[in-house]
Novice: 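Sharing a structure here in C-alpha cells format.
Since the model is a prediction, treat every value here as computed from it, not as a measurement.
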Amino acid sequence: MKIFVVMLIVLVVLFFSYILFLEKEIININRKLVKRLEENTRHPISIILFNRRLNNLVCSINKALKAEENLRLKVIKDENEFKEMITNLSHDLRTPLTAIKGYQQSVKKGLLNEEEIEKLDIAIKHTEELGKLVNNFFAYAYYLSYQEEVTLERINLNNIVTECLVNSIPAFEDKSIAIEFEKSSTIFVKANEEFLRRIIQNLIDNCLKHSIGNLKVQLLALDYAVISFKNPVKDSCNIDVSKIFKRFYTGDKARNTSTGLGLSIVEILTEEMGGKVEANLVENMLEIKVKLKMI
C-alpha cells in the first residue's frame with residue numbers, strides 16, 4: 001500500500017512538473033514571438049520539450065512566419081521596382097516633352113491665322129499640364145525613395161507660407177481666386193525647408209486645379225502647428241476624403257478628374273518630418289491640414 005502511495009505521489013509530481021514545463025515552453029514561444037515583433041528579428045521559434053502537438057504548433061508558426069517574411073520581401077521588391085519604373089518613365093517623358101515645347105514655340109513665332117493660334121495655344125496649355133504631371137512623377141519617385149537622413153531645423157512657418165502665397169498671386173488672379181490668409185502669432189516648426197516649400201506649393205497647385213471659389217489659408221498654433229487650406233470644390237458628393245492622399249485618386253470616375261501625385265507627395269514629406277496630414281469635407285468645402293511639430 002505504501003509503495004502504491006509513493007508511486008502515485010511520484011506520478012503526480014511528474015505530471016505537474018510536465019505541466020509546468022509545458023507552460024514554460026508556451027511562455028518561451030510567446031516571448032520569442034514578441035521579440036521578433038519588437039526587435040524585427042527573423043529567428044525561427046524553437047522548443048526544448050518533445051511534445052507532438054506542441055511541436056506541430058511550433059512548426060506551423062514557423063511556416064506562417066516564413067510565408068509572412070517572403071511576402072514582406074516581395075512587397076519591398078515590388079515597391080522598389082515601382083519606384084525605379086516611375087523614375088525611368090519620368091526621365092523618358094521629359095526629353096520628348098522638352099522637344100515638343102520647343103517646336104510649339106517655334107511654330108508660334110511663324111505666320112499663323114487666328115484659328116491656328118487658338119489651336120496652338122490649346123496644345124501649349126495641354127503640354128504644360130503634361131509637364132507638371134511629369135515633374136510630379138519625378139518628384140514622387142525621388143521623395144518616395146529618399147535615402148538620406150532628413151535634416152530638420154527651426155523654421156519660421158509664417159514667412160515660408162506667406163512667401164509661397166505671394167509668389168502664386170498671379171496664378172490665383174488668372175483663376176479669379178481670392179486668398180484669405182489668417183495667421184496668429186509667429187509659429188516656428190521643426191521641419192526641412194525644401195520639404196516644407198514643396199508641401200505648401202503642392203497645396204497651392206491643388207487649389208488652383210480644383211477650387212471653384214476663394215481660398216482660405218490658416219496657420220494655427222495648437223499642441224502642434226497646423227497649415228490649413230480650405231476651398232470649395234465641385235461634385236463634393238463624389239469625393240472620398242479617406243482616399244484623397246492616395247496616388248492618382250479619382251474623385252469622379254465619369255469625369256476622370258484625378259488629384260495626381262501632388263497630395264501623395266504632401267503626405268510623404270509631412271510624415272518624413274514626423275507630422276500628419278488630414279482632410280475634411282463639409283458640404284462643398286474641402287479642408288486639407290498639415291500638422292507639424294512646433295519648436
Side-chain angles (χ1 to χ4, degrees), residues 82-146 160-179 181 192-215 217 229 231-235 247-266 268-269 288:
F82 173 78
K83 294 174 186 177
E84 186 178 357
M85 180 195 71
I86 294 295
T87 302
N88 293 338
L89 182 60
S90 61
H91 278 298
D92 292 342
L93 288 173
R94 275 184 168 185
T95 301
L97 187 59
T98 302
I100 291 171
K101 288 181 178 180
Y103 283 120
Q104 285 176 335
Q105 294 302 323
S106 297
V107 172
K108 195 168 185 178
K109 292 178 182 178
L111 298 175
L112 301 174
N113 59 42
E114 187 175 335
E115 182 180 356
E116 290 171 332
I117 292 175
E118 183 179 349
K119 290 180 179 179
L120 182 58
D121 285 339
I122 293 173
I124 291 174
K125 179 182 177 181
H126 285 298
T127 303
E128 289 174 350
E129 287 296 320
L130 180 58
K132 290 179 182 178
L133 180 59
V134 170
N135 287 333
N136 273 340
F137 255 116
F138 184 80
Y140 181 75
Y142 173 74
Y143 290 124
L144 195 63
S145 57
Y146 198 79
I160 298 292
V161 175
T162 300
E163 183 181 332
C164 291
L165 289 174
V166 168
N167 291 338
S168 300
I169 286 178
F172 281 112
E173 290 178 343
D174 288 342
K175 296 278 188 175
S176 299
I177 297 175
I179 306 172
F181 185 26
N192 178 283
E193 185 171 342
E194 176 194 342
F195 285 10
L196 186 57
R197 287 183 182 276
R198 183 80 192 197
I199 287 170
I200 298 167
Q201 190 57 55
N202 281 16
L203 292 175
I204 290 172
D205 291 343
N206 185 71
C207 178
L208 288 170
K209 184 176 181 180
H210 298 289
S211 179
I212 58 171
N214 296 336
L215 168 66
V217 180
F229 274 64
N231 59 269
V233 291
K234 193 174 182 179
D235 299 322
R247 59 192 179 213
F248 292 121
Y249 164 68
T250 300
D252 187 345
K253 294 182 179 179
R255 294 176 180 270
N256 195 30
T257 52
S258 169
T259 59
L261 292 167
L263 294 183
S264 295
I265 294 172
V266 168
I268 290 171
L269 298 186
I288 296 176

Novice: Which residues pass the side chain to side chain contact (heavy atoms under 4.5 Å, CB included) test with N135, not counting sequence neighbours?
Specialist: R94

Novice: State, yes or no, whether a side-chain contact exists between D235 and V233 at a heavy-atom distance under 4.5 Å.
Specialist: no

Novice: If you count the non-hydrogen atoms of other residues, nucleotides and ligands that lie under 6.0 Å from CD in E116, is the total more than 12?
Specialist: yes

Novice: Under the side chain to side chain donor-acceptor pair (under 3.5 Å) test, which residues partner E163, sequence neighbours left out?
Specialist: R197

Novice: Rounded to the nearest 0.5 Å, what's the gap from CD1 on I169 to SG on C164? Could you check?
Specialist: 12.0 Å

Novice: Atom NZ of K209 and atom CD of E129: how far apart are they, to the nearest 0.5 Å?
Specialist: 6.5 Å

Novice: In Å, rounded to the nearest 0.5 Å, how long is the span from CD1 of I212 to CD1 of I177?
Specialist: 10.0 Å

Novice: Measuring from L165:CG to I200:CD1, what's the distance to the nearest 0.5 Å?
Specialist: 7.5 Å

Novice: So, taking the atom named CD1 in I288 and the one named CG in L203, what distance separates them when rounded to the nearest 0.5 Å?
Specialist: 6.0 Å

Novice: Are E115 and K119 ion-paired here, with the side-chain N under 4.0 Å from a carboxylate O?
Specialist: yes

Novice: Indicate the atoms forming the closest heavy-atom contact of A123 with T127, along with that distance.
Specialist: O-OG1, 2.7 Å

Novice: Count the heavy atoms of every other residue, nucleotide or ligand shown that sit under 6.0 Å from NZ of K132, and state whether that count exceeds 12.
Specialist: no

Novice: Take I124 and Q105 through the test side-chain contact (heavy atoms from CB on, under 4.5 Å) and record every step on the way to the result.
Specialist: CA-CA 9 Å; I124 291 174; Q105 294 302 323; 4.2 Å; yes

Novice: Could you pull out all residues at least two apart from Y143 that satisfy ring pair (Phe, Tyr, Trp, His ring centres under 6.0 Å)?
Specialist: F195

Novice: Rounded to the nearest 0.5 Å, what separation is found between the NZ atom of K175 and the CG atom of N214?
Specialist: 14.0 Å

Novice: Just wondering, do Q201 and I204 contact through their side chains at under 4.5 Å, heavy atoms?
Specialist: yes

